[in-house]
Amino acid sequence: MINSIIERHNKLTPLSETEIKIISTATRLFLNQGFSMTTHRQIAKESGFGLGTVTYHYRAKEDMLRILIEELMDYHLDVLENAVKETGDNLFSYAKEIAIQLTLCEIDKKAWDLYHSAYNHPPTYAYIKDWAIRKNYQLLGDKTPNLHEADYHKLENITSGIELAALSSPCDRYFTLEDKIRLTLDTMMKAYDISESERKKTIEKVLALDNEKIAKEMFLKFVKRLDNDI
């Protein structure tokens with residue numbers, strides 16, 4: 001998948017061999033030990049370059065995270081498309097993708113660190129919102145005939161904040177993972193004016209899944225795809 005990173009960026013600004021090596025190293029470290037635990041100095045040591053070279057090309061760690069998140073969002077899109085093909089249910093696919101993300105971040109601290117860091121870095125957060133707007137408009141357009149694409153832009157400013165709030169709130173005995181999934185999905189679908197009956201039906205369908213197993217398998221597959229290239 002690192003090859004797709006190179007291909008995407010070469011269409012805009014070609015990556016040098018040095019940048020490719022730095023990105024490959026940073027990606028491996030982010031996935032293996034977590035974004036927050038990875039330093040510029042470690043990336044420099046593992047890539048074989050001086051610290052000044054790494055910081056010259058990528059002044060902030062988040063600049064390297066942005067590239068990884070682009071690949072992760074592409075992978076989310078693959079998961080969504082497969083879900084739509086399997087079920088023919090766009091609303092369920094929309095809800096399932098969110099539930100899997102929330103579940104993954106609850107059971108895997110490295111994954112949580114990755115997503116939470118991305119949501120808290122403005123340029124990466126902006127990328128995620130733009131991606132979500134396109135995705136949601138495609139998935140929910142038939143369910144929301146009174147909403148235009150501009151409305152999706154407005155709503156995403158709120159619904160993305162709901163996702164961030166959910167990611168930032170760890171579960172405990174008073175706030176279970178089921179509570180988190182149920183409340184997050186209900187609030188987000190309500191924002192798009194999805195009927196109460198459809199919301200309830202979709203949420204129960206999502207909660208009936210083995211979300212933990214699906215989340216583990218999904219992220220492991222993503223990591224393996226990256227490992228094949230980096």
Side-chain angles (χ1 to χ4, degrees), residues 30 34-36 62 65-66 68-81 83-84 90-141 143-144 147 149 151-172 174-194 198-200 202-207 209 211-212 214-216 218-219 222:
F30 292 162
F35 175 77
S36 296
E62 288 81 3
L65 176 65
R66 158 71 185 267
L68 176 57
I69 291 300
E70 289 179 13
E71 292 305 307
L72 184 56
M73 293 300 100
D74 276 357
Y75 185 65
H76 272 260
L77 195 59
D78 289 343
V79 172
L80 275 168
E81 289 175 348
V84 171
N90 284 14
L91 184 61
F92 169 69
S93 300
Y94 163 84
K96 178 183 175 182
E97 188 259 340
I98 295 169
I100 295 304
Q101 178 179 309
L102 294 177
T103 301
L104 175 64
C105 290
E106 194 62 37
I107 64 176
D108 187 322
K109 295 308 178 186
K110 291 177 184 175
W112 174 85
D113 186 35
L114 195 65
Y115 281 90
H116 195 258
S117 298
Y119 270 83
N120 280 283
H121 180 56
T124 309
Y125 187 31
Y127 179 86
I128 293 172
K129 289 198 292 184
D130 287 343
W131 176 88
I133 290 163
R134 296 192 300 272
K135 177 258 295 184
N136 294 342
Y137 186 60
Q138 181 179 1
L139 286 174
L140 304 180
K143 297 282 186 182
T144 58
L147 295 180
E149 189 169 359
D151 296 313
Y152 276 78
H153 280 262
K154 296 172 186 176
L155 284 167
E156 184 58 28
N157 289 309
I158 302 303
T159 55
S160 62
I162 293 170
E163 284 194 80
L164 175 56
L167 289 173
S168 301
S169 303
C171 294
D172 56 31
Y174 302 108
F175 183 54
T176 66
L177 180 56
E178 180 177 327
D179 292 333
K180 179 183 286 192
I181 292 172
R182 188 182 296 277
L183 287 167
T184 302
L185 291 180
D186 191 55
T187 305
M188 292 178 72
M189 287 191 287
K190 192 180 295 183
Y192 289 102
D193 204 24
I194 304 299
E198 284 193 281
R199 296 199 311 270
K200 287 183 176 180
T202 301
I203 290 169
E204 294 309 318
K205 193 174 176 181
V206 167
L207 289 174
L209 299 170
N211 288 303
E212 185 170 328
I214 296 170
K216 287 179 179 178
M218 185 200 80
F219 196 64
F222 173 69

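- A salt bridge links Arg182 and Glu204; the closest N-O separation between the charged side-chain nitrogens and carboxylate oxygens is under 4.0 Å.
- Residues Phe35 and Glu62 form a side-chain contact, since some pair of their non-hydrogen atoms from C-beta on lies under 4.5 Å apart.
- Residue pairs meeting the salt bridge (Lys or Arg N to Asp or Glu O under 4.0 Å) criterion with at least one member in residues 116-129, sequence neighbours excluded, do not occur.
- Rounded to the nearest 0.5 angstrom, Asp151 CG and Thr144 OG1 are separated by 8.5 Å.
- Closest heavy-atom contact between Tyr152 and Ile133: O-CG1, 3.9 Å.
- Arg199 pairs by the salt bridge (charged side-chain N to carboxylate O under 4.0 Å, His left out) definition with Asp186, not counting sequence neighbours.
- A distance of 11.5 Å separates CD in Glu163 from OG1 in Thr187, rounded to the nearest 0.5 Å.
- Summarising the geometry of Leu68 relative to Phe222, their closest heavy-atom pair is CD1-CZ, 4.0 Å, with the distance given to 0.1 Å.
- Atoms CD1 and NZ, on Ile194 and Lys143 in that order, are 7.0 Å from each other to the nearest 0.5 Å.
- Residues meeting the side-chain contact (heavy atoms from CB on, under 4.5 Å) test with Lys109, sequence neighbours left out: none.
- The minimum heavy-atom distance between Tyr115 and Cys105, with the atom names listed, is CD1-SG, 3.5 Å.
- Scanning all heavy atoms of the two residues, the minimum distance from Thr202 to Ala95 falls at CG2-CB, 3.6 Å.
- With rounding to the nearest 0.5 angstrom, the CG atom of Leu91 is 5.5 Å from the CE atom of Met189.
- Under the 3.5 Å distance criterion, the side-chain polar atoms of Asn120 are matched with a main-chain donor or acceptor of His116.
- Judged as a salt bridge (charged side-chain N to carboxylate O under 4.0 Å, His left out), and not counting sequence neighbours, the contacts of Lys200 are Glu196.
- Annotation: salt bridge (Lys or Arg N to Asp or Glu O under 4.0 Å) contacts involving residues 90-101, sequence neighbours excluded, comprise Glu97-Lys135.
- Of all the heavy atoms in Leu207 and Asn211, the pair that sits closest is CA-ND2, 4.2 Å.
- Counting heavy atoms from C-beta outward, Leu102 and Leu185 have side chains that stay 4.5 Å or more apart.
- Partners of Ser36 according to the side-chain contact (heavy atoms from CB on, under 4.5 Å) rule, which considers only residues two or more places apart in sequence or in another chain, are Asp113, Ser117.
- For Gln138, the CD atom is loosely surrounded, since the number of other residues' heavy atoms within 6.0 Å does not exceed 12.
- Taking all atoms of both residues into account, the shortest heavy-atom contact from Ala99 to Val206 is CB-CG1, 3.4 Å.
- Atom-to-atom distance recorded for Trp131:CH2 and Ile69:CD1 is 11.0 Å, nearest 0.5 angstrom.
- Partners of Lys216 by salt bridge (charged side-chain N to carboxylate O under 4.0 Å, His left out), not counting sequence neighbours, listed by chain and number: Glu212.
- Counting heavy atoms from C-beta on, the side chains of Gln101 and Leu167 come closer than 4.5 Å.
- With sequence neighbours excluded, no residue forms a side-chain hydrogen bond (donor to acceptor under 3.5 Å, both in side chains) with Asn90.
- For Ser160, the side-chain hydrogen bond (donor to acceptor under 3.5 Å, both in side chains) partners at least two apart in sequence or on another chain are Tyr125.
- In this view, Asp193 satisfies the side-chain contact (heavy atoms from CB on, under 4.5 Å) rule with no residue, not counting sequence neighbours.
- Of the possible polar contacts, none joining the Asp74 side chain to the Glu71 backbone as a donor-acceptor pair under 3.5 Å is found.
- In this structure, Thr184 OG1 and Asp179 CG are separated by 10.0 Å, a value rounded to the nearest 0.5 Å.
- Under the 4.5 Å side-chain criterion, counting only non-hydrogen atoms from C-beta, Leu155 is in contact with Leu147.
- Counting only residues at least two apart or in different chains, ring-ring contact (aromatic ring centres under 6.0 Å, His included) contacts with residues 153-172 are absent.
- Annotation: salt bridge (charged side-chain N to carboxylate O under 4.0 Å, His left out) contacts of Lys180 (sequence neighbours excluded): Glu106.
- With hydrogens and angles left out, the side-chain atoms of Tyr119 and Ser168 include no donor and acceptor closer than 3.5 Å.
- Side chain of Tyr127 to backbone of Ala118: no donor-acceptor contact under 3.5 angstrom is found.
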